[in-house]
Every structure is written in C-alpha cells, then in structure tokens.
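A short write-up of the structure that comes next.
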Protein chains: 2
Amino acid sequence: MSDTPSISPKSLTMQDVADAAGVSPMTVSNCFRYPERVREKTRMAVMKIAADLGYVPNLSAGTLAAGSSRVIGAVLPSMRNSSFYNYNSGLRQAAAARGLELITMIAETPEEELSAVQTLLGLRVAGVALVAGPHEPGLSQLLALAGVPVVESWAGEDAIGRGVCYDVGAASRALTRHLIAQGRRRIGFVEVTGGGGQRYAMRLPAFRQEMFAAGLSDSLVLTVRAADGFASGATILDSFLALEPNLDAILCPTDVVAAGALFECQRRGLAVPGDIAVAGWGDYDIGRQVSPMLTTVRPFSDEIGKGAIEVLTGDHEGSGAVATPFALQLRESA
Amino acid sequence: MSDTPSISPKSLTMQDVADAAGVSPMTVSNCFRYPERVREKTRMAVMKIAADLGYVPNLSAGTLAAGSSRVIGAVLPSMRNSSFYNYNSGLRQAAAARGLELITMIAETPEEELSAVQTLLGLRVAGVALVAGPHEPGLSQLLALAGVPVVESWAGEDAIGRGVCYDVGAASRALTRHLIAQGRRRIGFVEVTGGGGQRYAMRLPAFRQEMFAAGLSDSLVLTVRAADGFASGATILDSFLALEPNLDAILCPTDVVAAGALFECQRRGLAVPGDIAVAGWGDYDIGRQVSPMLTTVRPFSDEIGKGAIEVLTGDHEGSGAVATPFALQLRESA
DNA sequence: TCGAAAACTTGTAGCGCTACAAAAATTTTG
DNA sequence: CAAAATTTTTGTAGCGCTACAAGTTTTCGA
C-alpha cells in the first residue's frame, strides 16, 4: 500500500507497450501508423494494451524518424470573424478525412504571423495554410526555403504558395448588378484599406466597372481604414447621407457593418429596403437574424478550407489559384 | 550554370549552420535555446548565418532530445464565441511573455476534443489548456497518465487538472440583486442545459438564492437545451410572456440571446428598460452596440487565459481553483 | 501433405537535437 | 607575467520512433 502507483511520470515508450504485448516495437509502430499492415488480432491486443497503459505515441520522435509529419498548420489572423470559423472547420474536416491533424495558431500582426510560421516549420508540419493579408517581408522566402507546401487562402495569383479563393470581383459585380437591376441609382460603396481589406481589393474595381457599364456614377465611395462593429455601420451611413441625401443603396464591407447601418436607418426612419437598400458581405449569422434579413455574399468559407487542404496534399491538379464557389444570398434588405 | 541551386529541399540541420559559421553544433543549439550562454559576437554571427540560410531549428528533434517542449496546447470548443477569442488572446500573451508558443486546436465535440488532446500529448506539449464542458470519459485519465500540467478554464473544484474561473455564482447573485434593487419582481431566468451550459451551472442556484432572500418567486425559470442567436432570444421572450404576461425582467444566458430578446421586446412595443429589464451575460460586442446597451456580466476572459498559463507554468501558488475577476457591467437595459 | 506465395513480424541504423561534463579560451588577480 | 577564476565552447551519448530489408509464419493450391 505504500507503493506509489505513478511516482515517476517517466513517459511510456513504444518499447514498454511492445514488452507488455509481447511483440516488437516495430509492430507497435505499425499498429499506429499503418494499421493495415498488422494482423487484426495482433493489432487489437496491442491497441488494448496501449490504451490501458495510456500510451500516446511521441509525435516528435515519429516526425524526426520519418522525416515528415501528419500535421497541418494553419495561421489565422483573428478569431473574431465567423468566416474564419467556417474556414477553420473546412480545414479541419478535410484534414481529418485524410488522416491529418490540424493545429491552428492565431496571429494578430504580421510579426506574430512570422513567429507562428517559424514554430510550425519547427514542428516540421506537412503543410502551412495562410490567410491573405499583410505579411512580414521575410515570410515568403522563409517558406520557400523550408520547401513545405503552402497555401494562401483568400489570395489570388500572387499568393504565397498557391491561392485559394472565390472570385471576389465576380461577387462584387453580381451584387452591384443586382442593385442596379432593382432600380437603385445612387449607390454608396465602402472601401476598407486596413487589416484584411486587401483580401477584398477586387471589390471596388468590380463595383466601378458595373456602375460605369450602367451609366451610373461611381463616385459615392467612402474609404475607411477599418470597419467593424455596428458602430461603424452607423458612422458610415452618416457620412454617406452627408455626401448624398438621396442615397438609395449602400454596399457594406461585412454583414456586421451592414447591420449597424440598418439599425441606423431604422433609427432615422429610413425604410429598408424601401428607401434604401443595404447589402452586406460574408453571410454572417447576424445577417439572418436582423429584420429585414440582409442580402449578402455567401463565401462558403468552409470550401476555401477544403480547397486549401486539397492543395496542401497535392490533390489539386493544375496550377494557378484555386477557385471556390460563392453565392449571392438575396434576402430582404436589398 | 547547370547546377541546380536548391534541387534537394533536404532540410538544413544544425550541423550545416555550424559548419557555415565555423562553430560546433552545440554552440548553434545554445544560440537558439540559451542565448545568454553564448558570447554576443559569436551569437550574432551564428544567427546571421542561420537567417541567411533560412534555418529553422527542428522542434521535433529538440523536444525529443530535451524531453520537454516550449509549446503549450489549448483546445477550444469553438471559435464562434468572442469570449474564447479573448481567452485565447490571454493565453497567447501570457505564453509569449514566458517564451512559450501557443498552439490551438478547435474541437466541436468531446470526441474531437479527445483526439485533439492526443495530438497535443503526442507533441509532448509543456501544458494543456482545456475549456470546461462535456468531456469524453477517458480524457481525464489520459491526461493524468501523461503527467502533463493541465488546466481547465471555466471550471471549478472538479476540474481536470486545476480550474480557472471567475465566480459565476457571485456574478449571478450580483446581477439578480441589481434587478431586485431596481424594483423588479417578476424576473425570468433562462437555464441552458446543453453544450457549454455546464460552465454556468452555478447561475441558477445563485439566482434562486437571491430571489428567495428577497421573498420573491423563483419559479419563472425556462430550461432550454441550447440558446444561441437572436432567434432564440425572441422565442424565449415569447415563452416567458406566455407564462407571465407581467414579466418585468429577464436574465439571458448570453448577450446575443439578450439582444434577440431586446429586439423582440421592441417589436412588441415593450419598453426596455421601462416595461422590462433585459440582462445579458458575457459582455459581447453586440451588447455595446444595441440600443439600449445591454447590462451584462463582464468575464475578463483574457484574465482566465492568463491565469491558465500561470497555472501551467507553476506560477500559481496554492491549490484549488484559481479565481479571476468579473464585473457587473451596468448599462442601459437593466 | 508439401512447396510456393502471401502475409505478417522484426532487427538495424539512424533522424536532428540537447543535457551534461569536460576542455579551451578569456579575464582577473596577486 | 603566471596562476586562478571565470566565461565560452565543444564532444559524447542518447531521446523515441520509423524506413527498409530481411526474417518468420500463415495460407493456399495441387
């Protein structure tokens, strides 16, 4: 009774499991890595013992010995955004379907991103999934030197590694056309320059193109450094109405901003979509829950994640950026 | 000209850097791991060469050789929630302050959580940060056998490893007292049983205690399996009004639900806080952006993350759950 | 029942790095 | 300026696992 059951937390090794199971370490290794190589009966016995002992294979040793790992590393710029939630889900599911694990690192700044990538490379991950945005100068070269598969989501031809993205320009054109077809003439567009804005750089040119094609003025453009939260939606509406009191539509950078603008419209007694159409972007939860529900662009971010894993595992033929679908989500607000 | 500069992406080793720098591999190792052990001049030279070559130390090998790593693993139940965003930020910052890296895994279900923990243990992380919620049965034992430091955030005395949490009961009591002090008498309480509901198990008993102490009825309790999104706020308000048409306050499980309830009140022409007080929980962005702004409980989730890292690194004296602060955020809605 | 083919199992030889102790270089002291 | 004290640098010996090729056992057809 005085024996201390687990006084030494000395970690179990494959050898311990092998001894307990009466097989060689290699068989234990095969059980975990290539189950089909081991006879069912043997495998069951080994796995049972491993589970009883609480043995978890040391991935560090495995990665070192094998020279490769079964882990994909993703770096996200932020967790606030529900797009990234869906993106991460897509990554995770696609990775799981291929027997890969996904680890995620959050990086708020380019420096943090670089540091995160270094950790991931240090772990010798099987692939790195980045998100488009401002990067630290050395990042691209670091990844190139490491020779690891890289994918940059929401990026196009100029991506680090290969880009995976839906056609933002096409989505912007479709949304603009939709408003024009509704008879909107004085359409305001919000351009975001800071932070993740560059993921959506194609929105404005596409908007202008369609406005021009319809013979409308594309001068109602508001450029802001950042826009998040309802408050900025209110501010933006303010600014637009000061610019053009007869504004009849507004294209917001996200559903959250659109919701803020919508609330501000309601506060001012402007009917949506009667007096003014409000369009969001991104198909966030909130767009479905405000009234009127927001017309928006649905990015299928989980498909971007899936595409990213396919690129990393080499399942994607061809070259150039991978295009994922998007959809115009026409609801009540525009 | 026919030589291929980097035909073989054979990864660089410490030896390569050592050769290029004219020092021994150990010196290179020390430069990365214990910079203060190496003379400044030598270190600069080595780091310069390492950077030029694009060398990144193989953490797998390092972890294997050293028997420990400088990486903390966190498992989050979801990224949707802004609390977890702040929690993760707190983890990251506190980890960075101690020279540790943080890797995050998202797990939607207990099975995924178990699998994530196995990967983390396989990586031989220096600590595992869990979030309270339903766990797979084997999880606790697995972690105990691994002998790795574990912390469970939002958990109390019964935590796996050590708990870090604010006093949910005290927060609930404070909020209830606040409503009572306002003269509210028919207060509805929403109890969530599913998902993360158990993180807030102490809310209901605390509510009842205060209602009883004030001589009020605590029977206006609605139990739902899950509540997220504005829509459930509307549903909940519906149900309460059916139960008690003279309801004068409602305690919602989150600010999102509270916002939904608030919108429903406005739709029905009920004045908030005039006719009915609406209180949220969690201090989400949205609570600050609706009008009237929501009274809520602010959890300082980043402090929970910070506390979790402190526990994992052994910086926290004593035993028992670690208490983090909370604050009653009194705003307009209650 | 026997031999060949197929299926399964097992040594061997590192993977790249770090703890540790010992050696070398440098600085300080008498 | 030599000896002692201190700071820097360097071999050695694995960490736990897996690729690979070489056994060993089982299965199967004749």
Side-chain angles (χ1 to χ4, degrees), chain A residues 8-47 50 53-71 118-119 121-126 146-147, chain B residues 8-47 50 53-71 118-119 121-126 146-147:
Chain A
S8 70
K10 188 175 69 62
S11 80
L12 288 167
T13 71
M14 222 161 232
Q15 185 72 58
D16 298 320
V17 178
D19 291 348
V23 297
S24 76
M26 263 320 297
T27 296
V28 179
S29 171
N30 283 330
C31 284
F32 281 95
R33 255 182 118 77
Y34 303 102
E36 73 284 359
R37 288 190 188 166
V38 181
R39 197 196 317 193
E40 164 114 19
K41 195 179 144 208
T42 312
R43 179 157 44 81
M44 296 298 245
V46 169
M47 294 310 261
L53 260 36
Y55 171 74
V56 177
N58 186 326
L59 294 183
S60 298
T63 298
L64 180 59
S68 69
S69 82
R70 298 168 154 288
V71 177
Q118 278 175 321
T119 300
L121 291 180
L123 255 15
R124 296 299 187 265
V125 292
Chain B
S8 68
K10 189 177 67 63
S11 79
L12 288 167
T13 72
M14 220 160 232
Q15 185 71 59
D16 298 320
V17 178
D19 290 348
V23 297
S24 76
M26 263 321 296
T27 297
V28 179
S29 172
N30 283 330
C31 283
F32 282 94
R33 259 183 113 78
Y34 303 102
E36 73 284 359
R37 286 190 190 167
V38 181
R39 195 197 319 192
E40 163 114 17
K41 194 179 145 209
T42 313
R43 180 157 43 81
M44 295 298 244
V46 169
M47 294 310 261
L53 260 36
Y55 172 72
V56 178
N58 186 327
L59 293 183
S60 299
T63 299
L64 180 59
S68 68
S69 81
R70 296 168 157 292
V71 176
Q118 278 174 322
T119 299
L121 292 180
L123 255 14
R124 297 297 188 267
V125 292

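These numbers were taken from a predicted model, which means no experiment stands behind them. In what follows, chains carry the letters A, B, and so on, assigned in the order in which the sequence lines appear, proteins first and then strands, with residues in each chain numbered from 1.
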Kindly write out the residues that satisfy side-chain contact (heavy atoms from CB on, under 4.5 Å) with [X], not counting sequence neighbours, or none if the list is empty.
X	answer
A/Leu123	A/Ile103, A/Thr119, A/Val125, B/Leu59
B/Ala45	none
B/Leu121	A/Val56, B/Val117, B/Val128, B/Leu142, B/Leu143, B/Ala146, B/Val148
A/Ala65	none

Next item on the list: Heavy atoms under 4.0 Å is the rule here; annotate nucleotides 20-26 of chain D 5' to 3' with B where the base is hit, S where only the sugar-phosphate is, and - elsewhere.
Entry: B-----S
Nucleotide [N], atom [atom2] - distance to [atom1] of [X] in whole Å:
X	N	atom1	atom2	answer
B/Met14	D/dC15	CE	P	19 Å
A/Asn58	D/dG14	CG	C1'	14 Å
A/Gln15	C/dT10	CD	P	11 Å
B/Leu64	C/dT18	CG	C1'	10 Å
A/Arg124	D/dG16	CZ	P	20 Å
B/Glu40	C/dT26	CD	P	17 Å
A/Asp16	D/dC15	CG	C1'	14 Å

Check the phosphate of [N] against [X], side-chain N and O only, distance under 4.0 Å to OP1 or OP2. Yes or no?
X	N	answer
B/Thr27	D/dT9	no
A/Ser29	D/dT18	yes
B/Arg33	C/dA19	yes
A/Tyr34	C/dC8	no
B/Ser24	D/dT10	yes

Checklist line | salt bridge (charged side-chain N to carboxylate O under 4.0 Å, His left out) contacts in which one or both residues fall within residues 25-44 of chain A, not counting sequence neighbours | finding: A/Glu40-A/Arg43
Next item on the list: Kindly compute the distance separating CG (B/Asn58) from OG1 (B/Thr63), expressed to the nearest 0.5 Å.
Entry: 8.5 Å
Heavy atoms only, 4.0 Å cut-off, all strands: where does [X] land among base, sugar-phosphate and nothing?
X	value
B/Tyr55	sugar-phosphate
B/Gly62	sugar-phosphate
B/Thr42	sugar-phosphate

Item checked: Donor-acceptor under 3.5 Å (B/Asp16 side chain, B/Thr13 main chain) -> yes
Check: Can any side-chain N or O of B/Ser69 pair as donor or acceptor with the backbone N or O of B/Arg124 at less than 3.5 Å?
Finding: yes
Next item on the list: For A/Val38 and for B/Phe32, find the nucleotide of DNA chain C with the closest heavy atom, then tell me which residue's nucleotide is more 5'.
Entry: A/Val38
Notebook entry, point to check: Starting at the 5' end of DNA chain C, which residue's closest nucleotide do you reach first, B/Val56 or A/Glu36?
Noted result: A/Glu36
Next item on the list: Would you mind telling me which residue lines up with the more 5' stretch of DNA chain D, B/Ala61 or B/Val23, judged by nearest nucleotide?
Entry: B/Val23
Item checked: B/Ala65 side chain, from C-beta outward: closest of C/dT10, D/dG14, D/dT10 -> D/dG14
